[in-house]
2 protein chains.
Amino acid sequence: MPTRTSAAKSMPRSAVPKGQAALNEAWRVMHFALRAVIAGPDRILATRGLTRMHHRILFFVAHTPGMSVGELQATLDVTKQALNAPLRQLQTQSLIELAKADHDARVREIRLTESGAALEAQLTGEQQRLFADAFAKAGAQAHEGWRTVMLELAKHAGMK
Amino acid sequence: MPTRTSAAKSMPRSAVPKGQAALNEAWRVMHFALRAVIAGPDRILATRGLTRMHHRILFFVAHTPGMSVGELQATLDVTKQALNAPLRQLQTQSLIELAKADHDARVREIRLTESGAALEAQLTGEQQRLFADAFAKAGAQAHEGWRTVMLELAKHAGMK
DNA sequence: AATAATAGGTCAATGTGCTTGACCTATTAT
DNA sequence: ATAATAGGTCAAGCACATTGACCTATTATT
C-alpha cells in the first residue's frame, strides 16, 4: 500500500499543497485543465452542428490519411452503424472524401478535403495554442515535469 | 512564475519531443492519463451497477456533508429528474441518507452512510494512489512542474 | 464458373440517459 | 388564506449508441 507523497524537506514556497491536500487538488485541477482544452473545439464544432465524434474522425483521418472505414471503426471502437451517420455528414459538408482504394475496390479510403484539413487544423490548433501557452509560461523545466508525471499516469492505461 | 529550477535532478531524458511534436504528444498523453485515472473507479462502480453520476454524487456529498438536493442539483448542473433516479438507487443501496433539515423541513440534507463513505474513500483512494505513485516516481520537482502547467491550463476554464 | 468471404451500407428495434413540461405534496413565508 | 419554495413523480421526446438482419459490390477460393 504505497504511500502518500513523501513529506517534502526542502520545500518550494509557492502554495504547493502537501500530502493528502496535493492529491485532492490534483484531480480537480486535471478536470479544469481538461475542460479548458476541450472547450474551444467544442464551441467551434457546435456552430457547424458537429460533435466530438466528428472531431475524432477528423483527427484520426488527419493523422492517417487514406485509412479505411473499417480501420477507423476499429480505432474509434464503435459500430459501423454509429460511424455511418457522422461520416455521411462530414461528406455532405465536404470535409472528408471517400474513394475506392485501387488495390481493393471494396475498401473506401478516407481523406480530408481542403476545408476539412483547415477545420481540423483549426480545432487542433486551438488546443495546441493552449498547451503552448501553458508550457511557455510555466517554463521548460515545468514542461518536462508535467510530461514525466503524465507519462507515469499513462503507463497504467497501456498508452500505445 | 514559480520557477524552481535547480538543475540537479534534470538529466538528458528520454526523447523529449520538441516544438510541434511536443504539442501533438501532449494531448495524447493527457488522454491516456485521464483514462488511467478513471478506469479504476469505473470498474468498481460497475460491479455495483453504479455509474459516473453516482460517483459524482458521492464525491460532492463527501466533501459537503448535509448539502441539500437543490444544492447538489445546481452543483452537478443537471435537472432534478436526472438526479432523482441515481439518488434513489444510492439510498436503496444504503450509501446515502436523506433527512429533513431542522431549520426547514422542506429541504432534505444528504449525507453518506458509513458504507457510502467507505465506497467513496475507496474510489477516491484508487485515484489518489495513482497520483501519489506518479508524483513519487517522478519526483517533487516534476510534481511542481506538473502542477504549474496544469494550473496554467485550468486558468482558461475559470477554475474555482 | 460457382461459391464463399470481405468491406461497406442501410433499415429496424432497443436501450440509456438526459431533457422539457406538467402536476403533485409538504412546508414555510406573506 | 394565499403564495412561494423544496422536493418528487409521470410523461413525452431527443440524442446517441447498441444489436441484429439484410443488402450490394468486390475479391478470394475451389
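Per chain, numbering begins at 1; letters A, B, ... match sequence-line order. Everything numeric here is computed off the predicted structure, so don't read it as measured data.
The residue among Q81(A) and V107(A) whose nearest nucleotide of DNA chain C lies closer to the 5′ end is V107(A). Mapping R106(A) and N84(A) onto DNA chain C by nearest heavy atom places R106(A) at the nucleotide closer to the 5' end. Comparing A101(A) and T79(A) by the nucleotide of DNA chain D whose heavy atom lies nearest to each, the residue mapping closer to the 5' end is T79(A). A residue-by-residue look at K80(A) and R108(A) shows that K80(A) has its nearest nucleotide of DNA chain D further toward the 5' end.
With a cut-off of 3.5 Å on both Watson-Crick or G-U wobble distances, the partner of dT25(C) is given as dA6(D). Shown here, dT30(C) forms a base pair with dA1(D); the pair counts as Watson-Crick or G-U wobble because both key distances fall under 3.5 Å.
When every heavy atom of V69(B) is checked against every heavy atom of L83(B), the shortest pair comes out as O-CD2, 3.9 Å.
Remark: of the listed residues H54(A), Q93(A), Q89(A), Q93(A) is the sole one forming a side-chain contact (heavy atoms from CB on, under 4.5 Å) with R48(A).
Checked for salt-bridge contact, E25(B) and R147(A) meet the test: a charged N lies under 4.0 Å from a carboxylate O.
By the 6.0 Å contact criterion, NE2 on H31(A) is open, its count of non-hydrogen atoms from other residues, nucleotides or ligands being 12 or less.
Aromatic ring centres of F59(B) and H63(B): separated by under 6.0 Å.
Heavy atoms of I110(A) sit nowhere under 4.0 angstrom from any nucleic acid atom. Counting any heavy atom pair closer than 4.0 Å across all strands shown, R88(B) reaches sugar-phosphate atoms only and no base atom.
Nucleotides of DNA chain C with any atom under 4.0 Å from a heavy atom of chain B span, from 5' to 3', dG17(C) to dT28(C).
Computed from coordinates, the D77(A) CG to dT19(D) C1' distance equals 15 Å when rounded to whole Å. Atom CG in L50(A) sits roughly 15 Å away from atom P in dA15(D) (whole-Å rounding).
For R28(B) and N24(B), the side-chain atoms include no donor-acceptor pair closer than 3.5 Å.
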